[in-house]
Amino acid sequence: MLITEVIQRRTWQQVLAEATGDKNTHLEHLEDLILNNGYDGAISALNYVNALRGMLYTGGEAQSKVTVKWDGAPAVICGIDPVDSKFFVGTKAVFGKTEQKAAKTNAEIDNWYPGEGLNKKLKLALQHLSKIGIKNVLQGDMMFTDDSIEEKEIGGEAHLTFTPNTITYAVPKESDLGNKIGRAKIGIVFHTTYKGETLTDLKAEFGASVGGFQESMDVWFDDAYYKDVGGKATLTKQENAVIIDGINKSKTTLGKVDKERFNSFLTQPDLAEWVKPFINKKITAGQSVGEPVQFVKDFVAYFKERMDKEIDALKGGPESPAAKKRIERNLKLEQFVDDNLNNLLAVMAVYKQVIQLKLKLLKKLELIEQNVGTFLKTDKGYKVTNPEGFVAFGIEGGAVKLNDRLEFNQANFNAVKNWSK
């Protein structure tokens, strides 16, 4: 079957349902589907791109298939326990395998979440989120508590600002939204809904509507659904054609290598284990993935450096059995790269092409107008930045994140996180 046929026949729901399990504990980058699942992951990644292209071109389903990724912290799970109908709050520890830490009292928060900053935030969540009429179980990102809001001048105008993680959010102080946030004790953006008969069998459905919630002066809340009110994020005919051409080029690259050879890198454990940390290291240093040939060379050098550091740290020295084992790993990896160079280059070529297509889509998605401005703190004041990214999802529960890793992740890796202190 042709790759084109595979992409056309798979539905949006089938494609997006592949990315995650039942619990929303981790989101993969779109392009990393290739590193996780090889050839099938590449097909899924191209399906994501094609589906998003179609939505942004027609302007149809995007509002219900994409959410804006808010840079809040901590993640809060809250709602009604389906067993005893009591309101609870917690972190992802609510989904613990041996104990579900769904706190329904301050005493349980003290027992399960003793860290000073987190403890205080969850107590505020327990007190105030119960006022807005949540009927099920939701996950959201906490954006602020009243003591974390600061007044700053931006562009000559007074703003209320909050910085839950890396990005600083700002709203004009005298606006209607500024008045709401100024009165609130807590702010949260919901993005995931859970359904099930007990906490242990809850299944995640990306997306969470706040339309039926009760207003409370103590809580500012919103959902994360992508809202292109002004229609600025619609692809033009020419832009749509460019992305279609990029998809076709990626399919051509993928079609030059059969599935078994494309997946050969998945049989080498060290590639699977170390390639993502290597990519993150490049991003932290402000470097893109780059050309496939150089990427593979740099990765081998990185892996050897890591193994050499492990050898130097061994008590037995370079002649010990453990050291010899690491040296053998180096040699095996180098030989594997030599034997499979063309296959690895094809993998990285598709990986890079998917990134380029993703960035084209992001340029459109980032044109949406939000009521809350996004900034990065710098030594010279506040620099306008894009949202952390977006989440593409399907009604069957799968999702991937879309962001410019060089813009956001570099700042995120280097930022000081203080929300849990």
Separation between CG (Asp141) and CG (Asp71), nearest 0.5 Å, reads 8.0 Å
Test: side-chain hydrogen bond (donor to acceptor under 3.5 Å, both in side chains). Region: residues 94-106. Which pairs qualify, not counting sequence neighbours?
Asp81-Lys104, Asp84-Lys104, Glu99-Trp112
Grab the two heavy atoms, one from Ser264 and one from Asn340, that are nearest each other, plus how far apart they are.
OG-OD1, 3.6 Å
Going by heavy atoms in the side chains, are Val83 and Leu199 under 4.5 Å from each other?
no
Might you point out which heavy atoms bring Val76 and Met142 nearest each other, and give the distance in Å?
CG2-CE, 3.8 Å
Salt-bridged, Lys363 to Asp404, with N to O below 4.0 Å?
no
Report the C-alpha distance between Lys377 and Thr163 in whole Å, list the side-chain angles of each, state the deciding distance to 0.1 Å, and finish with yes or no for side chain to side chain contact (heavy atoms under 4.5 Å, CB included).
CA-CA 9 Å; Lys377 286 183 178 179; Thr163 311; 3.7 Å; yes
Set out, in order, the CA-CA distance, both residues' side-chain angles and the distance that settles ring-ring contact (aromatic ring centres under 6.0 Å, His included) for Phe265 and Phe336, then state yes or no.
CA-CA 9 Å; Phe265 77 98; Phe336 179 85; 8.8 Å; no
Pairs touching residues 68-87 that satisfy ring-ring contact (aromatic ring centres under 6.0 Å, His included), sequence neighbours left out:
Trp70-Tyr169
Can you confirm whether the side chains of Lys237 and Asn240 place a donor and an acceptor under 3.5 Å from each other?
no
Between Lys282 and Ser288 the two heavy atoms that sit nearest each other are CE-O, 3.0 Å
Euclidean distance, Met217 CE relative to Lys180 NZ, rounded to 0.5 Å:
11.5 Å
Side chains of Leu314 and Glu310: does their closest heavy-atom pair fall under 4.5 Å?
no
Just do the side chain to side chain contact (heavy atoms under 4.5 Å, CB included) check on Ile132 and Val210 with the steps written out, would you?
CA-CA 9 Å; Ile132 61 176; Val210 300; over 6 Å; no
Which atom names give the shortest non-hydrogen contact between Glu239 and Thr236, and what distance separates them?
OE1-N, 2.9 Å
Are the side chain of Asn47 and the backbone of Ile43 linked by a donor-acceptor contact shorter than 3.5 Å?
yes
Backbone N/O of Tyr113 and side chain of Asn119: donor-acceptor pair under 3.5 Å:
yes
Just so I know, are the side chains of Asn136 and Ile134 near enough to count as touching, which here means a heavy-atom distance under 4.5 Å?
yes
Measure the spacing between OG1 of Thr161 and CD of Glu150 and express it to the nearest 0.5 Å.
5.0 Å
Any donor-acceptor N/O pair, Glu291 side chain to Val293 backbone, under 3.5 Å
no
For Asn263, give me all partners under side-chain contact (heavy atoms from CB on, under 4.5 Å), at least two apart in sequence or on another chain.
Tyr39, Lys259, Leu266
Side chain to side chain, Val66 and Val391, heavy atoms closer than 4.5 Å:
no
Between Asp147 and Lys120, does any side-chain N to carboxylate O distance fall below 4.0 Å?
yes
Heavy-atom nearest pair, Ile77 first then Phe88, reads O-CE1, 4.0 Å
Derivation and outcome, salt bridge (charged side-chain N to carboxylate O under 4.0 Å, His left out), residues Asp32 and Arg405
CA-CA 12 Å; Asp32 284 350; Arg405 297 169 81 170; 3.6 Å; yes
Hey, are the side chains of Glu215 and Phe221 touching, using non-hydrogen atoms and a 4.5 Å cut-off?
yes
Any donor-acceptor pair under 3.5 Å linking the side-chain atoms of Lys276 with those of Asn36?
yes
Criterion side-chain contact (heavy atoms from CB on, under 4.5 Å) against Phe262, the qualifying member of Asn343, Val350, Leu344:
Val350
Do Gln139 and Tyr194 have side-chain atoms, one donor and one acceptor, less than 3.5 Å apart?
yes
Nearest 0.5 angstrom please: Thr192 OG1 to Phe206 CZ, how far?
5.0 Å
Are there more than 12 heavy atoms of other residues, nucleotides or ligands under 6.0 Å from atom CD of Glu273?
yes
Of all residues at least two apart in sequence or in a different chain, which pass the side-chain hydrogen bond (donor to acceptor under 3.5 Å, both in side chains) check with Thr385?
Glu407
Measuring from Phe295:CZ to Leu345:CG, what's the distance to the nearest 0.5 Å?
11.0 Å
Test your reading of the model: is there a side-chain donor-acceptor pair from Asp40 to the backbone of Asn37, 3.5 Å cut-off?
no
With a cut-off of 3.5 Å and sequence neighbours excluded, list every side-chain donor-acceptor pair involving residues 297-308.
| residue | atom | partner | partner atom | Å |
| --- | --- | --- | --- | --- |
| Asp298 | OD1 | Gln294 | NE2 | 2.8 |
| Tyr302 | OH | Arg306 | NH1 | 3.1 |

Identify the heavy atoms of Val94 and Ala102 that sit nearest to each other, and give their distance.
CG2-CA, 4.1 Å
Can you sort out the partners of His159 under side-chain hydrogen bond (donor to acceptor under 3.5 Å, both in side chains), two or more places apart, ordered by chain and number?
none
Partner residues of Phe190 under the ring pair (Phe, Tyr, Trp, His ring centres under 6.0 Å) criterion, sequence neighbours left out:
Phe213
Scan residues 353-362 for pairs that pass side-chain hydrogen bond (donor to acceptor under 3.5 Å, both in side chains), counting only residues two or more places apart or in two chains.
Glu31-Lys358, Ser250-Gln353, Thr253-Gln353
Is any side-chain heavy atom of Leu30 closer than 4.5 Å to one of Val49?
yes
Residues that Lys123 engages under salt bridge (Lys or Arg N to Asp or Glu O under 4.0 Å), provided they are two or more places apart:
Asp110
Short question: side chain of Ser148, backbone of Phe144 - any donor-acceptor pair under 3.5 Å?
no
Worked verdict on Ile355 versus Val289 for side chain to side chain contact (heavy atoms under 4.5 Å, CB included):
CA-CA 9 Å; Ile355 291 175; Val289 170; 3.7 Å; yes
Sequence-distant partners of Lys86, salt bridge (Lys or Arg N to Asp or Glu O under 4.0 Å), two or more places apart
none
Does Leu35 form a side chain to side chain contact (heavy atoms under 4.5 Å, CB included) with Ile279? I'd like the steps, not just the answer.
CA-CA 11 Å; Leu35 302 180; Ile279 290 173; 3.9 Å; yes
Enter the distance from Trp274:CH2 to Lys281:NZ here, rounded to the nearest 0.5 Å.
11.0 Å
Answer yes or no: does atom NZ of Lys185 have more than 12 heavy-atom neighbours from other residues, nucleotides or ligands under 6.0 Å?
no
Test salt bridge (Lys or Arg N to Asp or Glu O under 4.0 Å) applied to Asp312 - qualifying residues, sequence neighbours left out:
none
Tell me every residue that passes side-chain hydrogen bond (donor to acceptor under 3.5 Å, both in side chains) with Asp223, counting only those two or more places apart in sequence or in another chain.
Lys227
